Protein chains: 2
Amino acid sequence: MTQAPGTRRDIPDATVARLPVYLRALRALTAAGIDVVSSEDLAQAAGVRSTGLRKDLSHLGSYGVRGVGYDVARLSDEIARELGLQHDWAVAIVGMGNLGHALAAYSGFATRGFKVRWLVDEDPEVIGTVIAGLTVIGFDELAMVAGDGLIAVIATPPTAAQDVADQMTRMGVRSILNFAPCVLQVPEGVEVRKVDLATELQILAFHEQRGRDEDDDAARLGVHAARVAEAAR
Amino acid sequence: MTQAPGTRRDIPDATVARLPVYLRALRALTAAGIDVVSSEDLAQAAGVRSTGLRKDLSHLGSYGVRGVGYDVARLSDEIARELGLQHDWAVAIVGMGNLGHALAAYSGFATRGFKVRWLVDEDPEVIGTVIAGLTVIGFDELAMVAGDGLIAVIATPPTAAQDVADQMTRMGVRSILNFAPCVLQVPEGVEVRKVDLATELQILAFHEQRGRDEDDDAARLGVHAARVAEAAR
DNA sequence: CATTGTGAACTTGTTCACAGCT
DNA sequence: AGCTGTGAACAAGTTCACAATG
């Protein structure tokens, strides 16, 4: 079986995770009026190495010109297409606490392919109130209006998160962004990504502690002065 | 040179990133009154495979008992120690917009080893106001009070983020959690972790689109009925 | 004898070196 | 001449199979 036209040339997960970053950098270049960029410069802007960038882009096909670089507009389109961003995706935010509020008001979604279309809560006190121009609805109402391809953002307390996930998957949602600090159990085929603030801080704490120990080692070895000098450029 | 006591047996990054999840699961077990757990059960709770969990824990040392499992309290302590969570870490949140507000009010930090100690903004209108029980201060004031080991959370618009990062690193901060959708340039030795909401959604969009295409393929191949039956268990 | 801990096999991701184009 | 695209080497991470052991 050969590669049919339009067949998924499968792109490594690590590459997919970087495409949004490239896209953002490309959009910034467009805004700056730059329309051709080398892998070296784009890599710099995206915080990766040029050789890795080229390998990533090679998975999408050959859109660069040797000796010249990449056409910014063309590459943007190509990446956007690959990520499925030709049209906007509808997003439902569930859980209207502090975080839910902030997410509802966050302007960064609209410019990057997402339309917050529904705000959901289970508290009757909250249902019906208007947040950031949208009326908060309950699950039953969401179940009636939710279309295909809806992306759910869970911003509830962790105790409620699994129940919310169950309800969402039952109504056909296949993509979930989970802000609740807990592991979600979902049926196969449902993709969950998590954002866990405390976890991120704990990872930083590990490195902070390690850095400290290294400083101790350095001091013991008398390297400290050299390091300070270096830090001062 | 042999492994001195207390020397960094270096733990793989991938393992470090999972330790917080294990810790959370262990704390939940403690709360439930369970004091011994098998790798199988803990892995389930943490959303990983038992064999991977055991490999991860093996990097910390041997704290399990063969034929029995792990002592929940002991393992919790061990992981907390490894992450440097014996004492709380001070956190400064910079940028008091929507997101900054929500983060300042977020209760999930305190219970997991972090104390939000400073709220920072550059707007004179905002400086001096009280948010979640803390008075917002300016950078100059932060520079005077900030001690060693401070963790900075950047919740400013992307245009301000690099400047903030520069100021923070200049005052000795070595750990940054960046919520602004941009790449930060920092000196060597400074650890940056980023949380980018739109990026996460774009990764989900990729999988959502791919799932859709696969459904199309399946339908074309007449596999759809089988899949539906399977999904219904 | 159930369960941990681990070398070895495998898979995925990154870097290097350089051939291939324009 | 300059920059992309890519196979080959290397490194990191995951899974497997099973020996070790309380």
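Nothing here was measured: the structure is a model prediction, and the numbers come from that model.
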Q.
Going by the rule side chain to side chain contact (heavy atoms under 4.5 Å, CB included), which residues pair with Val68(A) if we only count those two or more places apart in sequence or in a different chain?
A. Val36(A), Val65(A)
Q: To the nearest Å, give me how far apart CG (Asp13(A)) and C1' (dG13(D)) are.
A: 13 Å
Q | For Glu200(A), all residues meeting side chain to side chain donor-acceptor pair (under 3.5 Å), sequence neighbours excluded | A | Arg193(B)
Q. Between Arg49(A) (CZ) and dT4(D) (P), how many Å, whole number?
A. 17 Å
**Q.** For Ser175(B), side chain to side chain donor-acceptor pair (under 3.5 Å) partners two or more places apart
**A.** Glu208(A)
**Q.** Atom pair distance, as rounded to whole Å: CG in Asp56(B) and C1' in dG13(D)
**A.** 10 Å
Q.
By the salt bridge (charged side-chain N to carboxylate O under 4.0 Å, His left out) test, which pairs, at least two apart or in different chains, include something from residues 20-47 of chain B?
A. Asp196(A)-Arg24(B)
(Q) Once side chain to side chain donor-acceptor pair (under 3.5 Å) is applied, do any residues pair with Asp166(A), and if so which ones, sequence neighbours excluded? (A) Gln162(A)
(Q) Whether the side chain of Glu191(B) engages the backbone of Arg174(B) through a donor-acceptor N/O pair (distance < 3.5 Å, no angle test) should be reported. (A) no
Are any protein N/O atoms closer than 3.5 Å to N/O atoms in nucleotides 18-22 of chain D? If there are, list each pair with its distance.
unit_1, atom_1, unit_2, atom_2, d
dA20(D), N3, Arg66(B), NH1, 2.8

(Q) What is the separation between atom NZ on Lys55(A) and atom C1' on dA11(D), rounded to the nearest whole Å? (A) 14 Å
(Q) So if I take residues 29-41 of chain B and measure heavy-atom distances to DNA chain C, which residues fall below 4.0 Å? (A) Ser38(B), Ser39(B)
Q. Nearest-Å distance, CD1 (Ile11(B)) to P (dA12(D))?
A. 15 Å
Q. Expressed in angstrom and rounded to an integer, what is the separation of Leu19(B) atom CG from dG13(D) atom P?
A. 13 Å
Q: Tell me, please, which residues at least two apart from Gln44(B) pass side chain to side chain donor-acceptor pair (under 3.5 Å).
A: none
Q. Within this structure, what is the CG-to-C1' distance between Leu57(B) and dT15(D), rounded to whole angstrom?
A. 16 Å
Q. Salt bridge (charged side-chain N to carboxylate O under 4.0 Å, His left out) with Asp148(A): which residues, sequence neighbours excluded?
A. Arg212(B)
Q | First-last contacting nucleotides on DNA chain C - partner chain A, under 4.0 angstrom, heavy atom | A | dG13(C) to dT22(C)
Q) Which part of the nucleic acid, if any, lies within contact of Ser58(A), taking any heavy atom under 4.0 Å across all strands shown: a base, the sugar-phosphate backbone alone, or nothing? A) sugar-phosphate
Q) Out of curiosity, Asp77(B) CG to Leu85(B) CG, how far, rounded to the nearest 0.5 Å? A) 11.0 Å
Q.
Quick test of your reading: applying salt bridge (charged side-chain N to carboxylate O under 4.0 Å, His left out), list the pairs with at least one residue in residues 52-73 of chain B, sequence neighbours left out, ordered by first then second residue.
A. Arg18(B)-Asp56(B)
Q | Contacts of Ala45(A) that satisfy side chain to side chain contact (heavy atoms under 4.5 Å, CB included) - sequence neighbours left out | A | Ala25(A)
